[in-house]
Amino acid sequence: MITAANATLTPPGLPLNGAANPSSTAQGTNPGCFANAADIGGPLAFSSPDTPGMPAPSAKTAWDFLPEGWSVVVLAEAPAGPACASCCGDAHAVVEFRTARGQWLRVIHPKGFAPVTQLESARLGIVTPQMTRVAEREPHLTAVQVRDEIAAGRMVIPANTVHLAHKLDPMAIGRASKTKINANMGASPVSSGTHEEVEKLQWAERWGADTVMDLSTGGNLDECRDAICRNATVPIGTVPIYSMIIGRRIEDLDEAIVLDTLRHQAQQGVDYFTIHAGVLREHLPFIKKRLIGIVSRGGSLLAKWMLVHNRQNLMYTAWERICDVMREYDVTFSIGDGLRPGGLADASDRAQLAELETLGELTERAWRKGVQVMIEGPGHVPFDQIEFNMKLQRHLCHGAPFYVLGPLVTDIFPGYDHITSCIGATAAAYHGASMLCYVTPKEHLGLPKKDDVKQGCIAYKIAAHAADVALGIPGSRDRDDELTKARAALNWEKHFELSFDPDTARAYHDEDLDVDTDFCAMCGHDWCSVRISKEIQEFASGKDEEYQRGKPVRSAALTAEQQEILAKRGVLSPDEIHRLASKTKKAVGAEAGKASCHSDYVDPETAQRVQGQQLVQLNTAPAHNLPSHDPLL
């Protein structure tokens, strides 16, 4: 947002489209962001400008797919008094309420109807405690806006009524809210177990996972799932077909087993189910020439079931009965993309897009049953095709939240797929995805371990945050700006405190120079552009009073976690790490009486002397066309 204060600094011709400045106070000289103006309550919410040829948003919402016996009317003006129940007849009741945009709605529904799901409550104008909690966690939204987005089907609150009785802290997924990330975990037949998976759950929560999916295929699945649901503060998702086939062949699966398994997991507290009901018999011929066939476990299992029985996907034919089970506990659908591409060569093909069209149909059917819906998306997509994939889903699925895996934008970096995929994930979120399923360094290679979970979460927090800033979500850049001010002031402690992973930032800094002074080891004292900018009186850089760092100080002794970080890097020897972790008064030349781990003050000359002892020194005089002994330097 251009203000009077920075208008003269704004270059002409910038493609500003009315989006808010992601900085609450428009700090710095950045003119804002290039996204569309916010449209909360409308089909765009927070969105990117369309490249020519992109599908338009759907004109329909969940309001267009009400249950039988329901209807909604937009009133021309505020009602003069209470709704007239007698106008609806003996079988129906009426409720009227005002939306966040100021419209008045009249909703007619069967008399005696009691809402169970968040979607049903929203349709009746009710703001639930879970909606209120979401607004507390997302200050750019009001509880009424949250309700309206849920009523339109553009937002979900995955909150099983059983899990709410445990430790669940309600959150929302939708393009009007901040971008969320999911972490996958689960025991396999050859690796891990319940205790390790609960540890990974808590580790993923620590590193910012907004939801967690238990994808266990081995060990005691029931015990593992129950332990995760009881311990999780975030929503838990599962792929129930994994449990359905334990101890039986896929061809023995029937509708009774499907419904019993779903009910059991719902009773345990699972918040959302991935169900691959969009893989249809008529889609299978489109797979024949793919380089890598069907890479979804659920999709491949159901394809085999259909071929063995020569029948339509039983998840598709039993959809309404599945909805009935899920509604009882307010379990959210995460409708699975069983035909997602497993490599760039198969992306955006006929099979994938035919299934996506079916997912749109399933969305409509679920909304008619009062069940919340989000849609799962690809996988492996060339960078140039990501926007189209996101906006086609927005069109076909009427704005239901899109939950995507990556997507990976190249296939040749196994071991680094958390990086290849978070590049695609950033673009996906900017162009419309609401939640990003993380990918770890172990993707395609094995079951992720504890550090892999951390690396995956951090990569995807970067992607989600970058997209939120680019979309102009109010306040999303505030922490970045505060860290920039700390960096400009060379206030290292504040710099680390504001960073997402302070232990890693501090450890990397101290690996080269364990003094918090007016330069770092990258440039040294003489070359430090930040220090020079701070010294130029005409510049604002580094002069914020709140961030002044005071005297140079020796950094505190490394914590155990910081030691582990440096040990894994392998740059310092064990003795050097031990020195940084075992600072004593003698080791740091501290004054008598100071604690052994105290950050000791040092004068600037000492700081430069420490730099001289630990770093390779550069003679900067030639760069200034001055003799090496010149007093100016």
Side-chain angles (χ1 to χ4, degrees), residues 160 184 186-190 213-226 228-229 236-288 293-329 331-340 342 351-352 354-355 358-359 361-363 365-366 369 371 373 375-376:
N160 184 318
N184 287 339
S188 81
V190 297
M213 290 200 75
D214 173 20
L215 305 183
S216 294
T217 56
N220 190 329
L221 272 66
D222 209 53
E223 175 189 90
C224 186
R225 186 187 317 111
D226 186 68
I228 287 174
C229 287
I236 298 300
T238 63
V239 185
I241 195 172
Y242 298 168
S243 295
M244 295 175 192
I245 63 170
I246 295 297
R248 65 172 60 89
R249 299 177 306 165
I250 180 60
E251 46 265 44
D252 295 332
L253 188 65
D254 60 27
E255 186 177 313
I257 295 169
V258 169
L259 297 179
D260 287 346
T261 303
L262 295 179
R263 186 177 301 279
H264 176 68
Q265 293 196 15
Q267 290 170 341
Q268 288 184 302
V270 175
D271 301 287
Y272 63 95
F273 290 153
T274 293
I275 297 180
H276 299 92
V279 182
L280 303 184
R281 288 177 66 195
E282 50 266 39
H283 298 157
L284 299 185
F286 305 149
I287 303 297
K288 288 183 177 180
I294 299 176
V295 297
S296 160
R297 288 187 289 203
S300 62
L301 289 167
L302 288 165
K304 181 179 180 183
W305 187 95
M306 287 186 282
L307 292 171
V308 168
H309 292 284
N310 195 27
R311 288 169 50 196
Q312 188 57 279
N313 185 342
L314 80 167
M315 303 291 187
Y316 178 84
T317 57
W319 190 249
E320 276 68 27
R321 291 176 290 284
I322 290 172
C323 289
D324 289 338
V325 173
M326 295 178 68
R327 177 185 175 272
E328 286 184 51
Y329 302 89
V331 179
T332 298
F333 273 116
S334 181
I335 309 181
D337 54 336
L339 300 182
R340 66 178 180 267
Q352 177 198 332
E355 182 192 30
T358 305
L359 302 191
E361 175 204 330
L362 293 168
T363 298
R365 291 165 62 184
K369 300 292 278 185
V371 182
V373 177
I375 306 295
E376 293 189 9

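A salt bridge is defined here as a Lys NZ or Arg NE, NH1 or NH2 lying under 4.0 Å from an Asp or Glu carboxylate O, and D252 with R249 meets this definition.
Put simply, the side chain of R297 does not reach to within 4.5 Å of the side chain of I245, judged on heavy atoms. Here the side chains of M213 and V239 are in contact, with some heavy-atom distance below 4.5 Å. Counting heavy atoms from C-beta outward, L359 and L362 have side chains that approach closer than 4.5 Å. Taking the side chain as every heavy atom from C-beta outward, I236 and Y272 never approach each other to under 4.5 Å. Looking at T363 and I335, their side chains come closer than 4.5 Å, going by heavy atoms from C-beta outward. For the pair I250/I241, a side-chain contact is recorded, criterion being any heavy-atom separation below 4.5 Å from C-beta on. For the pair V331/V371, no side-chain contact is recorded, criterion being any heavy-atom separation below 4.5 Å from C-beta on. Using a 4.5 Å heavy-atom threshold, the side chains of M244 and L301 count as separate.
Listed by chain and number, the residues in a salt bridge (charged side-chain N to carboxylate O under 4.0 Å, His left out) with D337 are R340 (sequence neighbours excluded).
When atom types are taken as modelled, the side chain of D214 and the backbone of C224 share no donor-acceptor pair closer than 3.5 angstrom. For the pair Q352 (side chain) and L339 (backbone), a donor-acceptor distance under 3.5 Å is absent. Judged by distance alone, the side chain of W305 and the main-chain N or O of N313 form no donor-acceptor pair under 3.5 Å. The closest donor-acceptor contact from the side chain of H309 to the backbone of E251 lies under 3.5 Å. Between the side chain of N160 and the main chain of V270, a donor-acceptor pair closer than 3.5 Å is present. In this structure, the side chain of H283 engages the main chain of G278 through a donor-acceptor pair within 3.5 Å. Listed for the R321 side chain is a donor-acceptor partner under 3.5 Å among the backbone atoms of T317. Judged by distance alone, with hydrogens and angles left aside, the side-chain atoms of D271 form no donor-acceptor pair with the main-chain N or O of G237 at under 3.5 Å.
A pairwise comparison of heavy atoms in V279 and G299 identifies CG2-CA, 4.2 Å as the closest pair. Nearest heavy atoms, A303 versus L284: CB-CD2, 3.9 Å. The nearest pair of heavy atoms linking G298 to H276 is CA-ND1, 3.5 Å. Minimum interatomic distance between E355 and G336 (heavy atoms only, all atoms of both residues): OE2-O, 3.5 Å. Residue I287 comes nearest to G293 through the heavy atom pair CG2-CA, 3.8 Å, listed as atom of the first residue, atom of the second, then distance. Residues Y329 and A266 share a closest heavy-atom pair of CD1-CB, 3.5 Å.
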Full working for side-chain contact (heavy atoms from CB on, under 4.5 Å) between M326 and I275: CA-CA 12 Å; M326 295 178 68; I275 297 180; 4.2 Å; yes
Chi angles and distances behind the side-chain hydrogen bond (donor to acceptor under 3.5 Å, both in side chains) call for Q312, R281: CA-CA 6 Å; Q312 188 57 279; R281 288 177 66 195; 5.8 Å; no
Is there a side-chain contact (heavy atoms from CB on, under 4.5 Å) between F333 and I375? Walk through the geometry before answering. CA-CA 8 Å; F333 273 116; I375 306 295; over 6 Å; no
Audit row: V373, T332, side-chain contact (heavy atoms from CB on, under 4.5 Å) steps and yes/no: CA-CA 6 Å; V373 177; T332 298; 5.9 Å; no
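Taking the centre and axis of the six-membered ring of Y316, the NZ or CZ atom of R365 falls inside the cone set by 45° and 6.0 Å.
For the atom pair S296 OG and E376 CD, the distance stands at 8.5 Å (nearest 0.5 Å). Atoms OH and CG, on Y242 and L221 in that order, are 11.0 Å from each other to the nearest 0.5 Å. Put simply, CG on L314 and CH2 on W319 are 12.0 Å apart, with the number rounded to the nearest 0.5 Å.
Residue T261 forms a side-chain contact (heavy atoms from CB on, under 4.5 Å) with just one option from H264, Q265, R263, and that option is Q265.
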